Each structure stands twice: as structure tokens, then as C-alpha cells.
Visitor: 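Structure in C-alpha cells, see below.
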There are 2 protein chains.
Amino acid sequence: MKKDAEEWINRYVDAYMVVTRQINARLRDIFGEGLTNDQFLILRLIAGQEQCTSTYLAEAVAVGKSSITAIINRLDEAGMIQRTRDENDRRQVYLTMTAHGESVYRTCEKQMQEVISPYLFHFEDDKIEQFIVMFEKLAFLMQDTGGRSN
Amino acid sequence: MKKDAEEWINRYVDAYMVVTRQINARLRDIFGEGLTNDQFLILRLIAGQEQCTSTYLAEAVAVGKSSITAIINRLDEAGMIQRTRDENDRRQVYLTMTAHGESVYRTCEKQMQEVISPYLFHFEDDKIEQFIVMFEKLAFLMQDTGGRSN
DNA sequence: GTGAAACAGTTCTACACGTGAACTATTATC
DNA sequence: GATAATAGTTCACGTGTAGAACTGTTTCAC
């Protein structure tokens, strides 16, 4: 282990805990009854993926497939998404947003922008850019070492 | 809103989602039956705070006090923490770890270090430092604008 | 001093999310 | 054509969250 790794990790975890929990709380508040944070994330992934499947979602959010089914069922009951079976491989179910889902998602996306953007004003542009690039590299590293079944 | 804010936020959210969910999944796996991620976080806060109260925890994790009671109850039943009433102000209940709680927490802390540290090797020291400093500033900003009751 | 307000914490009910194991239906393999 | 692999679902159970109602304690205003 790197010499300063322990201290870095402790500082990272402490800061990350505050930031993520505070952001989550703020999003929870503004989304209100419309959507939970997790549902927002799932819609976001569906929006960004052609022919999105449960398996893809499960890997993307690092969670079992049965959890995805539960979330998808609720979004389905709320009329926000549709399931479409692939006629060539009838095991696959593709998930797409309905017009209503799209509308709710876009609203929440705007609200998210409004909640987060004020914090950006406290930093210089190149600092923000560096921070995000670093975060993206981390994300890339972690995505390539996932894996899980069920 | 800043000109590039929207793009930054989208990139940030996408990366942050991957990183936090992947880290959570890995921690869930190694902690196993011993402790949930949230319980670990709560113990971490208790460890780092003299005379820790439910109210402090609720603010720190940006959650209602009733949620804290639930978590504390489970940790109490598991024999990991103790509640002590303040004799000067009998409304206050101070939370401390038992020896057993301390032991479980330290074990999980080590495991967390081992899970996260490999990723640090992919970055230069000063990059890591800058990243963490930025995160800490963000955390500081967010902490100063919280607030919630119940 | 006493009554009202504020505060710390708990309980209760309801729901969202997570797991893992067992299951259905479909496709691939040999 | 039997067997294995894959995609997704269902079920039972534990955890975390909210919010409202509650207890007990302290503070404050008069």
C-alpha cells in the first residue's frame, strides 16, 4: 500500500460521505413524490442506452437483477417505462421511457442541475475540469472490474 | 448558471454514480454479515466525535432522526454501541462504541482501505491530493447549507 | 413559580431498495 | 434431443427512509 494511502482514503471517505449524502438529501427533497433518487438514476441509464436491458442496469448500478426488477416494476406501474421483448431473442426485454416518463425525467434533470450548479461557482473552471476528469478516470477503472450475477 | 455548468454536472453525476455504486457494492461484499455500509458510516461518525448524539448523526448524514434511531437500535441489539444519558441534560443521549463495536469497526476500516487503495496506484500523488482537496472543499460547502428536523 | 414553547429522542406505519434462492421461459451447445 | 447457459421474475426477509404522533426534559416569558 502506498505510504499516504491510508490518510488519503480516510479523507476521501469522509468528504465523499458528506457530499453524496447531502446531494442525495437535496435531490430527495426536490424530486418529492415524483421520483426516488434511484428511480431517477435508472431512468438516466435508460435514457442513455439504446436497447437497455435489466442485466445492463444491474451491472451499471452494481446490484442484483432482482433489485432491478423491483424498481422496473414500480416505474412500469407508474406508467413511466415500457418493456418490449426482442422478437429474435425472446429472453431479452428492452426498456424504454414512455412520454410521461420522459417528461418526469426531464423535469427532475433540470431540478438536479439547479441544485448542484450553485456549488460550481465557488471554483475556477480548470479546477472543476480537473476534478471531473479525475472522477471519470476513477469511474472508468471501477467499471472495468465489476462483476456479479443474479 | 455558468456556461458549461450543465455539461459538467452531467459528467459529474455520471461518474459519481458509477464510483459510489461500485464502491458501495464492493464494501457490501467484504463487510458481509458483519455490518452494512450505513452502519459502518454511523460507527465512523461515532468514532470521530466526542459525545456523539442522534441529532448530530442525523445532520451529518442528512437524514431524519427516526432513521438514526432505527440504525442505532440495530447496532445496540448487536452489542456494538451503548447509549448513555447526560445527567445534566437528561434529554441528550450520548452514543459510544463497545469493545465489540470498536473491533468490528476497525476490521471493516482495514477492509475498506484494502478495497480502495489499489485504485490510487493509477494516479500521481499531486493529482490525488488535488482531487481530495477539491472534494473536501465541496463537502465543506455542503455542510454549511444543510438543515432538517424530525 | 407556572404554563407554554422548544428540544432530544422514540415509536409506529408504510414504502423503497437490497439480497439470495428458486423458478419460468428461451436459446445455445454438443 | 438432452443438457447447459442465459434473461428475467417471484418470493421471503432485512435494512433504511419518511413523517406524524408521542414521551420526557429543559428553557423561557410573564
Side-chain angles (χ1 to χ4, degrees), chain A residues 17 20-22 24-43 51-59 61-78 80-81 83-95 148-150, chain B residues 20-22 24-43 51-78 80-95 147-150:
Chain A
M17 179 185 67
T20 63
R21 308 228 31 153
Q22 295 290 335
N24 279 342
R26 283 162 175 65
L27 292 181
R28 226 163 20 218
D29 286 347
I30 55 165
F31 289 171
E33 318 252 318
L35 223 48
T36 67
N37 291 0
D38 287 337
Q39 287 168 354
F40 175 74
L41 235 43
I42 293 295
L43 288 185
Q51 300 199 320
C52 182
T53 65
S54 285
T55 301
Y56 166 76
L57 292 175
E59 281 171 14
V61 300
V63 117
K65 285 197 290 189
S66 59
S67 306
I68 300 296
T69 299
I71 297 176
I72 294 299
N73 281 340
R74 283 185 282 265
L75 287 171
D76 194 1
E77 284 158 21
M80 297 202 216
I81 61 168
R83 295 188 229 230
T84 318
R85 291 207 104 85
D86 182 337
E87 284 306 322
N88 294 327
D89 183 347
R90 294 187 48 73
R91 287 172 303 184
Q92 310 248 13
V93 177
Y94 299 127
L95 304 165
R148 174 178 278 266
S149 58
N150 198 15
Chain B
T20 63
R21 309 230 28 155
Q22 295 290 334
N24 279 343
R26 283 161 174 66
L27 292 181
R28 229 169 10 225
D29 286 348
I30 56 165
F31 289 172
E33 319 253 317
L35 223 48
T36 67
N37 291 0
D38 287 336
Q39 286 168 353
F40 174 74
L41 236 42
I42 293 295
L43 288 185
Q51 300 198 321
C52 182
T53 65
S54 285
T55 300
Y56 167 77
L57 292 175
E59 280 172 14
V61 301
V63 117
K65 286 197 289 190
S66 59
S67 306
I68 300 296
T69 300
I71 298 176
I72 294 299
N73 281 341
R74 285 185 278 265
L75 287 171
D76 195 1
E77 283 159 21
M80 297 202 214
I81 60 168
Q82 273 178 334
R83 295 188 229 231
T84 318
R85 291 207 104 85
D86 182 336
E87 285 305 322
N88 294 328
D89 184 346
R90 294 187 47 73
R91 288 173 302 184
Q92 311 248 15
V93 177
Y94 299 127
L95 304 165
R148 174 177 280 266
S149 59
N150 196 17

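The structure presented is a predicted model; accordingly, all values stated were derived computationally and were not measured. Numbered from 1 within each chain, the chains take letters A, B, ... in sequence-line order.
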Visitor: From C-beta outward on B:K65, which listed nucleotide comes closest to its side chain: D:dT27, C:dT27, C:dG9?
Guide: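 Selected nucleotide (nearest to the side chain): C:dG9.
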Visitor: Could you work out which one of C:dG9, D:dA7, C:dA6 sits closest to the side chain of A:Q92?
Guide: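 My answer, after comparing the listed nucleotides, is D:dA7.
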Visitor: Once you apply a heavy-atom cut-off of 4.0 Å, does A:I68 come out as touching a base, just sugar-phosphate, or nothing?
Guide: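 Touches nothing.
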Visitor: Toward the 5' end of DNA chain D, which comes first, A:R21 or A:T55, by nearest nucleotide?
Guide: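 Its nearest nucleotide lies further toward 5', so the answer is A:T55.
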Visitor: For A:Q39 versus A:R74, what's the shortest heavy-atom pair and its separation?
Guide: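 Closest approach of A:Q39 to A:R74, heavy atoms only: NE2-CB, 4.1 Å.
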Visitor: Could you give me the CA-CA distance, side-chain angles and deciding distance for B:I68 and B:T55, then say whether side-chain contact (heavy atoms from CB on, under 4.5 Å) is met?
Guide: CA-CA 8 Å; B:I68 300 296; B:T55 300; over 6 Å; no
Visitor: C:dC17 phosphate, OP1 or OP2: any side-chain N/O from A:S67 under 4.0 angstrom?
Guide: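 Looking at the OP1 and OP2 atoms of C:dC17, neither is under 4.0 Å from any side-chain N or O of A:S67.
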Visitor: Let me know the distance between CZ of A:R26 and C1' of D:dT17, rounded to the nearest Å.
Guide: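 Between C1' of D:dT17 and CZ of A:R26: 17 Å.
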Visitor: Separation of A:D89 atom CG from D:dT6 atom C1', in whole Å?
Guide: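 The distance from CG of A:D89 to C1' of D:dT6 comes to 8 Å, rounded to the nearest Å.
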Visitor: Round to the nearest Å and state the distance from B:I42 atom CD1 to D:dG16 atom P.
Guide: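 That distance rounds to 9 Å.
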Visitor: May I ask you to verify if any side-chain N or O of B:R74 is less than 4.0 angstrom from the OP1 or OP2 atom of D:dG16?
Guide: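 It does, given that an N or O in the side chain of B:R74 lies less than 4.0 Å from OP1 or OP2 of D:dG16.
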Visitor: From C-beta outward on B:S66, which listed nucleotide comes closest to its side chain: C:dG9, C:dT11, C:dC17?
Guide: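 Shortest atom-to-atom distance from the side chain points to C:dT11.
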Visitor: OP1 or OP2 of D:dT25 versus the side-chain N and O atoms of B:R90: is any pair under 4.0 Å?
Guide: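 Yes, within the criterion.
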Visitor: Expressed in angstrom and rounded to an integer, what is the separation of A:R83 atom CZ from D:dT10 atom P?
Guide: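 Atom CZ in A:R83 sits about 7 Å away from atom P in D:dT10.
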Visitor: Would you mind reading off the distance between A:D29 atom CG and D:dG19 atom C1', rounded to a whole angstrom?
Guide: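 So the two atoms are 13 Å apart, to the nearest Å.
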Visitor: Map A:A70 and B:E87 onto DNA chain D by nearest heavy atom, then report which one ends up closer to the 5' terminus.
Guide: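 Whichever sits nearer the 5' end wins; that is A:A70.
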Visitor: Which part of the nucleic acid does A:T69 contact within heavy-atom distance under 4.0 Å: base, sugar-phosphate only, or nothing?
Guide: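 The answer is base, as A:T69 lies within the cut-off (heavy atoms under 4.0 Å) of a base atom.
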Visitor: What is the distance, rounded to the nearest whole Å, between atom CG of A:L95 and atom C1' of D:dT9?
Guide: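 Spelled out: CG on A:L95 to C1' on D:dT9 is 13 Å.
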Visitor: Tell me the interatomic distance from B:L27, atom CG, to C:dT19, atom C1', rounded to whole angstroms.
Guide: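 Those two atoms, CG and C1', are 16 Å apart.
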Visitor: So which heavy atom on A:L27 is nearest to which on A:N37, and how close?
Guide: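 Looks like CB-OD1, 3.6 Å.
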Visitor: Go nucleotide by nucleotide along DNA chain C from the 5' end; which of A:D38 and A:R85 gets its closest nucleotide reached first?
Guide: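 Its nearest nucleotide being more 5', the pick is A:D38.
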Visitor: Round to the nearest Å and state the distance from B:R28 atom CZ to D:dG14 atom P.
Guide: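 Going from B:R28 (CZ) to D:dG14 (P), I get 18 Å.
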Visitor: Could you report the tightest heavy-atom contact between A:M80 and A:L43, atom names first, then the distance?
Guide: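 Minimum heavy-atom contact is SD-CD1, 4.4 Å.
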Visitor: Looking only at side-chain atoms of A:V93, point me to the closest of C:dA8, C:dA21, D:dG8.
Guide: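 Among C:dA8, C:dA21, D:dG8, the one nearest the side chain of A:V93 is D:dG8.
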Visitor: Which heavy atom in B:R90 sits nearest to a heavy atom in B:R85, and how many Å separate them?
Guide: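 Closest approach of B:R90 to B:R85: O-NE, 2.9 Å.
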Visitor: How many angstroms lie between atom OG1 of A:T20 and atom CG of B:L41, to the nearest 0.5 angstrom?
Guide: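 Taking OG1 in A:T20 and CG in B:L41, the distance rounds to 7.5 Å.
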Visitor: Using a cut-off of 4.0 Å on non-hydrogen atoms, how would the nucleic acid contact of B:N37 be classed: base, sugar-phosphate, or nothing?
Guide: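 No contact.
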Visitor: Just checking B:N88: base, sugar-phosphate only, or nothing, at a heavy-atom cut-off of under 4.0 Å?
Guide: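 It contacts sugar-phosphate atoms only.
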